Amino acid sequence: MIAEIISVGTELLLGNIVNSNAQYLAGRLAELGFDLYYQTVVGDNTERLKAALDVAYNRAELVVLTGGLGPTKDDLTKEMLAAYFGKTLGFDEAVFENVVKQVHAFGATEITENHRKQAMVPSDSLILTNEYGTAPGCVMQHEGKTAVLLPGPPREMKPMFEQCVERFLFKLVSKAIASVCIRLKTREEAPPDRVGEAPVARRLDDLLDSENPTVATYAQPEGVLIRVTASGPMREDALAIARMMAAECRRRVGEDVIREITEQ
């Protein structure tokens, strides 16, 4: 299945913030088995967002959108998508209770009309609870098109994707995905010429060209991460493929510089 990402927010176009959401979502969608060919950034404008959706759905079945779900007038993603899919907005008491809970958790006491706006959700849609903010996410489907709406702040978006959206997306792909992650020690804990991203990449050079499983390295403060991701008809099949490649990666880098190994 082909997916596309649309990031909504004039602040992104102006360069006021870095679009880390698109980077995160691209990686997660690839791991889940979606093909991703395009990303779009659009400002807080109804007509331009509609135009971006028209283009996206000409080349993808799934569109994941972030941003524009807040309580202010320029937060228009939810309203725009509801109209796009021919859905009405209705007040959801359970969503409102969570909004009130989050407002109080932030130390505020006054509940305004803007907060009530957040509880207006599209009909016949899957509503995603926001455990870290007031804007709920949602999943809309219509005539073979699927839209996933996520809040813009990364601290809200990432948990919502991992806790709610991934389960839904697994149903859309015809293959299972599994990953083995190998975390190496830091440069302070092991020889830099063995645990730095460049020397690790050299040791894994030909493996980085593999298509199934894929092998990728990530330089992170807590140590280089090697992620091996495989696909198969069932998760057990994918995990078996990933484990075989992970074993070769471990042999090449050396067991003595490995901090931990996890499976996803």
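Here the structure is a predicted model, which is why all the values come from computation and not from measurement. Just so it is clear, the values below take in all heavy atoms, side chains as well, and ignore hydrogens, waters and symmetry mates.
The side-chain heavy atoms of Leu36 and Gln39, taken from C-beta on, include a pair separated by under 4.5 Å. Looking at Met140 and Cys138, their side chains come closer than 4.5 Å, going by heavy atoms from C-beta outward. Counting heavy atoms from C-beta outward, Leu204 and Cys249 have side chains that approach closer than 4.5 Å. In this structure, Tyr84 and Asp54 have side chains that are in contact, with non-hydrogen atoms separated by less than 4.5 Å. For the pair Ser210 and Met245, the minimum side-chain heavy-atom distance is below 4.5 Å. A 4.5 Å side-chain heavy-atom check between Leu172 and Gln141 finds at least one atom pair inside the cut-off. The shortest distance between side-chain heavy atoms of Leu169 and Leu62 falls below 4.5 Å.
In this structure, Phe85 and His142 have perpendicular ring planes: the angle between them is above 60°, well past the 30° mark.
With hydrogens and angles disregarded, a donor-acceptor distance shorter than 3.5 Å links the side chain of Glu61 to the backbone of Ile2. Without hydrogens or angle criteria, Asn98 side chain to Asn130 main chain gives a donor-acceptor distance under 3.5 Å. For Arg194 (side chain) and Val253 (main-chain N/O), a donor-acceptor pair under 3.5 Å exists by modelled atom type. Not a single donor-acceptor pair under 3.5 Å links the side chain of Tyr132 to the backbone N or O of Gln102. In this structure, Glu197 contributes its side chain and Leu225 its backbone to no donor-acceptor pair below 3.5 Å.
For the pair Arg59 and Tyr38, the cation-pi test (distance below 6.0 Å, angle within 45°) is passed.
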Evaluation steps, side-chain contact (heavy atoms from CB on, under 4.5 Å), between Arg251 and Arg203: CA-CA 10 Å; Arg251 184 190 70 79; Arg203 286 184 170 85; over 6 Å; no
Hey, mind stepping through Glu156 and Thr134 against side-chain contact (heavy atoms from CB on, under 4.5 Å) and telling me if it holds? CA-CA 9 Å; Glu156 301 175 28; Thr134 59; over 6 Å; no
Run the side-chain contact (heavy atoms from CB on, under 4.5 Å) check on Leu49 and Leu65 step by step: do they pass? CA-CA 10 Å; Leu49 176 54; Leu65 303 97; 4.0 Å; yes
Any chance you could lay out the side-chain contact (heavy atoms from CB on, under 4.5 Å) test for Glu4 and Tyr37, step after step, and finish with the verdict? CA-CA 7 Å; Glu4 193 155 326; Tyr37 303 129; over 6 Å; no
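Atom CG of Asp124 has 12 or fewer neighbouring heavy atoms from other residues, nucleotides or ligands inside a 6.0 Å radius. A 6.0 Å sphere centred on CD of Gln23 holds no more than 12 heavy atoms belonging to other residues, nucleotides or ligands.
Cluster membership for Val215 and Leu184, using ILVMFWY side-chain heavy atoms within less than 4.5 angstrom, is shared. Each of Val8 and Leu12 belongs to its own hydrophobic cluster when Ile, Leu, Val, Met, Phe, Trp and Tyr are linked at side-chain heavy-atom distances under 4.5 angstrom. When hydrophobic clusters are built by joining Ile, Leu, Val, Met, Phe, Trp and Tyr residues whose side-chain heavy atoms come closer than 4.5 Å, directly or via intermediates, Val139 is grouped together with Leu25. Linking Ile, Leu, Val, Met, Phe, Trp and Tyr whenever their side-chain heavy atoms come within less than 4.5 Å puts Ile111 and Phe91 in one cluster. Under the 4.5 Å side-chain heavy-atom criterion for Ile, Leu, Val, Met, Phe, Trp and Tyr, Ile226 and Leu239 are members of the same hydrophobic cluster.
Checking Asn19 against Ser7 by side-chain atom types alone, a donor-acceptor pair falls below 3.5 Å.
For the atom pair Asn45 CG and Lys50 NZ, the distance stands at 12.5 Å (nearest 0.5 Å).
Ion pairing of Asp75 with Lys117 is absent here, as no side-chain N (NZ or NE/NH1/NH2) approaches a carboxylate O to less than 4.0 Å. Ion pairing between Arg252 and Glu248 holds under the 4.0 Å rule for side-chain N and carboxylate O.
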Kindly list each side-chain donor-acceptor pair under 3.5 angstrom involving residues 257-264, sequence neighbours excluded, with atom names and distances?
| from | atom 1 | to | atom 2 | distance (Å) |
| --- | --- | --- | --- | --- |
| Arg259 | NH2 | Glu189 | OE1 | 2.3 |
| Arg259 | NH2 | Glu189 | OE2 | 3.0 |
| Glu263 | OE1 | Arg243 | NH2 | 3.0 |
| Glu263 | OE2 | Arg243 | NE | 2.8 |
| Glu263 | OE2 | Arg243 | NH2 | 3.4 |
| Gln264 | OE1 | Arg227 | NH1 | 2.9 |

